[in-house]
Amino acid sequence: MSFQAYLDNIETKTGLTPRQFVELAHERGFDETTKATPIVAWLAEDYGLGRGHAMALVHVITKGPQISAKHVESGTAHSDPTDTLWLDGAATNPNL
């Protein structure tokens, strides 16, 4: 599953876009300095997200929407079409 697919699946499951999760995380005091463990715990407790999906959100909460170019058009199951993740909802993603 691609990085973007993880984010799209989270939106389908929770009804919240990745950008909304970033805003909620910042309201809770989570930012680029926060370790993964408390964010993963929050996402599991409040939204029922498993570790893989939570870690996708940890990335965008702590590092923003940029991903490594090694994941772009790699030809693997984890390949993404661009190095910038779309955070504003699957329905508005111009890359789909």
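All heavy atoms count here, side chains included; hydrogens, waters and symmetry mates do not.
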Counting C-beta onward and ignoring hydrogens, is there a side-chain heavy-atom pair between I67 and D80 closer than 4.5 Å?
yes

Let me check something: any side-chain donor-acceptor pairs from residues 20-32 under 3.5 Å, sequence neighbours excluded? List them with distances.
{"from": "Q20", "atom 1": "OE1", "to": "T17", "atom 2": "N", "distance (Å)": "2.7"}
{"from": "Q20", "atom 1": "OE1", "to": "T17", "atom 2": "OG1", "distance (Å)": "3.3"}
{"from": "D31", "atom 1": "OD1", "to": "T33", "atom 2": "N", "distance (Å)": "2.8"}
{"from": "D31", "atom 1": "OD1", "to": "T33", "atom 2": "OG1", "distance (Å)": "2.5"}

Identify the two heavy atoms, one from S79 and one from S2, that lie closest to each other, and give their separation to 0.1 Å.
O-CB, 3.1 Å

Are any of the side-chain heavy atoms of E11 and L16 separated by less than 4.5 Å?
no

Exercise: identify the closest heavy-atom pair between L87 and P65
CD1-CB, 4.0 Å

Let's go through T34 and I61 carefully: what are the C-alpha distance in whole Å and the side-chain angles of both, what is the deciding distance for side-chain contact (heavy atoms from CB on, under 4.5 Å) to 0.1 Å, and is it a yes or a no?
CA-CA 9 Å; T34 307; I61 291 165; over 6 Å; no

Can you give each donor-acceptor pair under 3.5 Å made by side-chain atoms of residues 38-54, sequence neighbours left out, with the distance rounded to 0.1 Å?
{"from": "W42", "atom 1": "NE1", "to": "D46", "atom 2": "OD2", "distance (Å)": "3.1"}

State, with a plain yes or no, whether a side-chain heavy atom of K13 is found less than 4.5 Å away from one of I10.
no

Tell me, please, which residues at least two apart from F3 pass ring pair (Phe, Tyr, Trp, His ring centres under 6.0 Å).
H59

What is the distance from atom CD of E73 to atom CG of D83, rounded to the nearest 0.5 Å?
11.0 Å

Which value, rounded to the nearest 0.5 Å, describes the distance between M1 atom CE and D8 atom CG?
10.0 Å

Out of curiosity, does L57 fall in the hydrophobic cluster containing L85 (side-chain heavy atoms, cut-off under 4.5 Å, transitive links)?
yes

Do W86 and P18 have side chains that approach each other closer than 4.5 Å (heavy atoms only, starting at C-beta)?
no

